[in-house]
Amino acid sequence: MRIGVLASGSGSNLQSIIDSCISGYIPDSQVVLVLSNKQNAFALERAKSHNIEARFLNPPDGFLKFKRGMNIEDIMNDPLRRKYDQQIIDEFKKKEVDVVCLAGYLLFVTPKFLDEFPNAVINIHPAVLPSFKGQHGIRDAWEYGVKVIGCTTHFVDDKEDHGPIILQVSSVVLPHETSESLSKRNLKREHLIYPETLRLYQKGSLKVNGRKVEIKWDEAHFNFHQQLLELWRNDIDDYYNSRQQK
Ligand code: GRF
């Protein structure tokens with residue numbers, strides 16, 4: 001499977017995908033191209049250090065920037081956005097990309113993009129959707145006072161953080177946590193959930209049926225869930241031990 005990645009930031013999710021391709025956890029797969037709308041995205045460096053082609057694509061001047069409350073359709077219809085996405089489509093098509101992963105990518109993709117890669121654009125979001133959509137999933141959840149945080153992988157559609165959910169995992173919110181500490185713990189889950197999503201995708205174990213994604217569970221998927229349970233247990237043990245030491 002040939003994976004194309006769009007990233008805007010540090011690229012830790014990209015790293016988990018690269019590592020899982022190298023280890024064979026995602027079978028017969030490789031990241032073939034990483035593109036970013038940010039020149040200084042560390043994701044580009046990560047890719048290059050694995051000899052993966054990686055490039056900054058400069059969004060054109062006048063490009064409509066999304067702000068909370070804005071109509072997403074205006075963004076989707078912005079001719080400059082469409083032109084920009086066409087550039088990305090062309091790059092991915094040249095590389096014969098089978099699946100596109102949004103990994104900390106801060107822009108929406110336009111309908112044309114989705115038409116070019118039907119049921120093959122996947123996103124990760126750092127909250128349990130449909131709660132806390134948008135750019136600050138963790139911070140918004142923490143400010144709201146949730147007692148469980150988590151993350152979601154989903155197929156991308158034309159609405160924000162909305163398409164059919166593939167996997168979701170959760171984690172307890174411990175006393176005295178900050179949005180930063182939660183974000184750090186949540187990332188550990190993200191680095192498991194994205195590779196597992198792609199492993200299932202590569203095996204043809206995901207079937208989209210309207211909003212529902214049916215998953216064919218195999219041995220590795222059971223193991224994945226055991227690993228998540230282990231993380232819950234470890235977090236609670238660590239907190240318990242830290243109290244004993246006081
Ligand atoms: C992650 O929480 C991701 O879910 C979000 O952006 C954060 C940065 O991830 N969309 P990364 O280190 O750039 O992969």
Side-chain angles (χ1 to χ4, degrees), residues 3-22 25-26 31 33-50 52 54-57 65-68 72 75 88 99-109 113 121-144 146 148-157 159-171 173 177-198 201 228 231 235:
I3 304 172
V5 176
L6 289 171
S8 308
S10 100
S12 66
N13 277 295
L14 164 69
Q15 189 68 58
S16 75
I17 295 169
I18 295 172
D19 293 345
S20 304
C21 289
I22 292 172
Y25 184 80
I26 308 170
V31 177
L33 181 60
V34 177
L35 297 174
S36 180
N37 62 316
K38 297 274 182 198
Q39 190 158 22
N40 56 358
F42 189 60
L44 295 174
E45 300 313 313
R46 290 185 194 263
K48 285 177 194 159
S49 72
H50 289 275
I52 296 167
R55 224 158 327 118
F56 159 60
L57 282 190
K65 293 220 172 82
F66 182 74
K67 293 197 189 79
R68 207 162 255 209
I72 191 169
I75 294 278
I88 299 174
V99 63
V100 176
C101 294
L102 311 187
Y105 184 57
L106 295 177
L107 300 177
F108 292 108
V109 293
F113 192 104
V121 184
I122 296 175
N123 182 37
I124 187 155
H125 181 72
V128 183
L129 293 174
S131 293
F132 308 110
K133 297 176 179 181
Q135 255 186 48
H136 304 289
I138 284 277
R139 196 187 67 195
D140 293 346
W142 178 72
E143 281 175 358
Y144 196 83
V146 299
V148 166
I149 52 149
C151 47
T152 305
T153 53
H154 65 93
F155 286 107
V156 175
D157 69 3
K159 299 191 186 71
E160 184 184 25
D161 298 326
H162 176 269
I165 289 167
I166 305 170
L167 292 177
Q168 285 189 309
V169 307
S170 61
S171 167
V173 175
E177 284 210 273
T178 60
S179 147
E180 288 71 34
S181 71
L182 284 176
S183 179
K184 215 163 138 198
R185 278 200 309 117
N186 207 43
L187 261 184
K188 279 195 198 164
R189 274 90 184 152
E190 293 189 39
H191 300 160
L192 292 179
I193 192 180
Y194 221 153
E196 177 61 1
T197 298
L198 291 170
Y201 185 89
L228 293 170
L231 283 182
D235 285 346

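Note that ligands are numbered from 1 as they come in the structure, with each ligand's atoms numbered from 1 the same way. Quick caveat: nothing in here was measured; it's all calculated off a predicted structure.
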Practice prompt. Check the surroundings of atom NZ in Lys48: do more than 12 heavy atoms from other residues, nucleotides or ligands lie under 6.0 Å from it?
Written response: yes
Response to the item:
Hits for side chain to side chain donor-acceptor pair (under 3.5 Å) against Ser183, two or more places apart or cross-chain, chain-then-number order -> none
Just distance, no hydrogens or angles: give the donor-acceptor pairs under 3.5 Å from side chains in residues 129-136, sequence neighbours left out.
none

Worksheet entry | Heavy-atom check, side chain of Leu187 versus side chain of Asn13, under 4.5 Å | yes
Fill in: Side-chain heavy-atom pair Ile52, Val5 within 4.5 angstrom cut-off
no
Worksheet item: Residues in side-chain contact (heavy atoms from CB on, under 4.5 Å) with Leu57, at least two apart?
Response: Leu35, Tyr84, Gln87, Ile88, Glu91
Check: every ligand 1 N/O to protein N/O pair under 3.5 Å:
unit_1	atom_1	unit_2	atom_2	d
ligand 1	2 (O)	Glu190	OE1	3.3
ligand 1	2 (O)	Glu190	OE2	2.9
ligand 1	4 (O)	Glu190	OE1	2.6
ligand 1	4 (O)	Glu190	OE2	3.4
ligand 1	12 (O)	Ser10	OG	2.8
ligand 1	12 (O)	Ser12	N	2.9
ligand 1	12 (O)	Ser12	OG	2.5
ligand 1	13 (O)	Ser10	N	3.3
ligand 1	13 (O)	Gly11	N	2.8
ligand 1	14 (O)	Ser12	N	3.2
ligand 1	14 (O)	Asn13	N	2.8
ligand 1	14 (O)	Asn13	ND2	3.1

